[in-house]
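The block underneath contains the structure these notes are about, expressed in structure tokens.
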Amino acid sequence: MATWRDAVIDGIRRLTRSKDSYVFSRQELINQQLEQITKEIQSKGETPSQTLSRILQELREEGIVDFVDNNGNYAFLLDEIRIEREDLPVNILDRAIQNQKLNFANIATGENKIQARQRIGQERLRYWTLINYQSQCALCDVSTPQLLITSHLARWADCPEGRGDLSNIVCLCRWHDPLLEYGLISFTDTYKIIKKNPESKMLIKILHETKTLRQPIQMPLSPEYLAKHRERTGFSS
């Protein structure tokens, strides 16, 4: 027999999928799913709608749902959030990023509305990347915002599932970002820097000064993405 919590989550999932939207209201959930929910738990009780409201509050405290607006509308955050699907407020996008649930799809040029949604998602990723690295390059002391880049370990084109994942993103300056992108540096799972030997005197100087990778304060880099970067750039052989 299902618990109230599990049955409500299943009901929310059915409702949002039927609507093709992450957003739902308490009243919609009651009208369309309460009967099925009470069947699943095999106990209707005297005030099932009040019990459902209590469970919704508990799910909000867990970060599984959150308010979209001041009109009692919620967003369901347990499953993947596809940024292109609909307009969502910043607090919902932030929750999705923190839950590692934000997804970016490939889109065709000319789809202006969808591109606008992606830009907003990318702006929130940058915001949280800067917070994660305290608004400073992870490899040097550069902290000028205009000179900081959200650098993906597993590249955007190669790894769609990692596009919105903070554990795949490191904050680098405009000098260290291409060194990571083109494989002159990489990192071990324990955050040690590994390097190649370039011919350029300037690159040799920059690499010589690059000695420590600062750890992020919230979301550590994933061993899976670190391994993908080493493999792509020839450090795993």
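Residue numbers start at 1 and run along the sequence shown.
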Review point. With the 4.5 Å side-chain cut-off for hydrophobic clustering, are F76 and L102 part of the same group?
Key: no

Exercise for review: Could you pull out the closest heavy-atom pair between P220 and P216, with the gap in Å?
Suggested key: CA-CG, 3.6 Å

Practice item. Just jot down the salt bridge (Lys or Arg N to Asp or Glu O under 4.0 Å) partners of D165, sequence neighbours excluded, or say none. Key: none

Review point. Do K19 and E86 meet the salt-bridge criterion of a basic N to acidic O distance under 4.0 Å?
Key: no

Exercise for review: Mark yes or no for whether S200, through its side chain, and L203, through its backbone, hold a donor-acceptor pair below 3.5 Å.
Suggested key: yes

Point to revise | Closest contact, heavy atoms only, I169 versus L221 | key: O-CD2, 3.5 Å

Exercise for review: Test side-chain contact (heavy atoms from CB on, under 4.5 Å) on V170 and Y225 and set out the steps.
Suggested key: CA-CA 11 Å; V170 57; Y225 296 126; over 6 Å; no

**Study point:** Short side-chain to backbone donor-acceptor contact, N132 and M219, under 3.5 Å
**Key:** yes

Review point. Side chains of S143 and Y133: closer than 4.5 Å at any heavy-atom pair?
Key: no

Exercise for review: To the nearest 0.5 Å, tell me how far C171 SG sits from I131 CD1.
Suggested key: 11.5 Å

Point to revise | Side-chain heavy atoms of I83 within contact of N103, under 4.5 Å | key: no

Point to revise | Working for side-chain contact (heavy atoms from CB on, under 4.5 Å), residues D189 and R230 | key: CA-CA 10 Å; D189 290 351; R230 291 194 300 269; 3.2 Å; yes

Exercise for review: Measure the shortest side-chain to side-chain distance between D10 and I37 over non-hydrogen atoms and say whether it is less than 4.5 angstrom.
Suggested key: no

Check your understanding: Can you hop from L56 to L34 via hydrophobic side chains spaced under 4.5 Å?
Key -> yes

**Study point:** Residues D79 and K101 bridged, charged N to O under 4.0 Å
**Key:** no

Point to revise | N91 backbone acceptor or donor facing R124 side chain under 3.5 Å | key: no

**Study point:** D69 side chain to N71 backbone, donor-acceptor under 3.5 Å
**Key:** yes

Point to revise | Distance (rounded to the nearest 0.5 Å) between L166 CG and W128 CH2 | key: 9.0 Å

Point to revise | More than 12 heavy atoms of other groups within 6.0 Å of E58 CD | key: yes

Exercise for review: State whether the side chain of K228 and the backbone N or O of L153 hold a donor-acceptor pair below 3.5 Å, judged by distance alone.
Suggested key: no

Check your understanding: Under the salt bridge (Lys or Arg N to Asp or Glu O under 4.0 Å) test, which residues partner E35, sequence neighbours left out?
Key -> K39

Check your understanding: Does some side-chain heavy atom of E209 sit less than 4.5 Å from a side-chain heavy atom of C140?
Key -> no

Review point. Are the side chain of Y74 and the backbone of R60 linked by a donor-acceptor contact shorter than 3.5 Å?
Key: no

Check your understanding: Of N168, L179, D177, which meets side chain to side chain contact (heavy atoms under 4.5 Å, CB included) against S151?
Key -> D177

Point to revise | Closest heavy-atom pair and its distance - I149, R174 | key: CD1-NH1, 3.6 Å

Practice item. Check whether more than 12 heavy atoms from other residues, nucleotides or ligands sit under 6.0 Å from atom CZ of F67, and answer yes or no. Key: yes

**Study point:** Shortest non-hydrogen contact between L184 and P198, atoms and distance
**Key:** CD2-CB, 4.4 Å

Review point. Does R163 reach the main-chain N or O of W156 with its side chain, forming a donor-acceptor pair under 3.5 Å?
Key: yes

Exercise for review: Check whether I206 and I193 end up in the same hydrophobic cluster, where Ile, Leu, Val, Met, Phe, Trp and Tyr are linked by side-chain heavy atoms less than 4.5 Å apart.
Suggested key: yes

Point to revise | Spatial distance of atom SG (C173) from atom CG (L148) [nearest 0.5 Å] | key: 7.5 Å

Review point. Can you tell me if H229 uses its side chain to pair, donor with acceptor, with the backbone of L180 under 3.5 Å?
Key: yes

Check your understanding: In Å, rounded to the nearest 0.5 Å, how long is the span from CD1 of I81 to CD1 of I97?
Key -> 11.0 Å

**Study point:** Worked check of side-chain contact (heavy atoms from CB on, under 4.5 Å) between I185 and T233
**Key:** CA-CA 8 Å; I185 57 174; T233 54; over 6 Å; no

Practice item. For R214 and C137, indicate whether the former's side chain and the latter's backbone hold a donor-acceptor pair under 3.5 Å. Key: yes

Check your understanding: Are the side chain of Q118 and the backbone of A105 linked by a donor-acceptor contact shorter than 3.5 Å?
Key -> yes

Practice item. Tell me, please, which residues at least two apart from E80 pass salt bridge (Lys or Arg N to Asp or Glu O under 4.0 Å). Key: R82

Review point. So do the side chains of Y191 and T212 get within less than 4.5 Å of each other, counting heavy atoms only?
Key: no

Check your understanding: L139 and L130: same hydrophobic cluster, using ILVMFWY side-chain contacts below 4.5 Å?
Key -> no

Practice item. Test I12 against I64 for side-chain contact (heavy atoms from CB on, under 4.5 Å), laying out the working first. Key: CA-CA 10 Å; I12 294 171; I64 293 174; over 6 Å; no

Practice item. Flag yes if Y22 and I120 sit in one hydrophobic cluster, no otherwise; membership is Ile, Leu, Val, Met, Phe, Trp, Tyr, and two members link when side-chain heavy atoms are under 4.5 Å apart. Key: yes

Practice item. State, to 0.1 Å, how close F235 and S186 come at their nearest heavy-atom pair, and which atoms those are. Key: CD1-CB, 3.5 Å

Revision key, fill the gap. Output for pair (Q36 CD, I41 CD1), nearest 0.5 Å, gives 11.0 Å

**Study point:** Heavy-atom pair with the smallest gap, counting every atom of K195 and T210
**Key:** NZ-O, 2.6 Å

Revision key, fill the gap. When rounded to the nearest 0.5 Å, the distance separating CD1 of I114 from CZ of R85 is 12.5 Å

Check your understanding: Q33 and side-chain hydrogen bond (donor to acceptor under 3.5 Å, both in side chains): which partner among E40, E28, R14?
Key -> R14

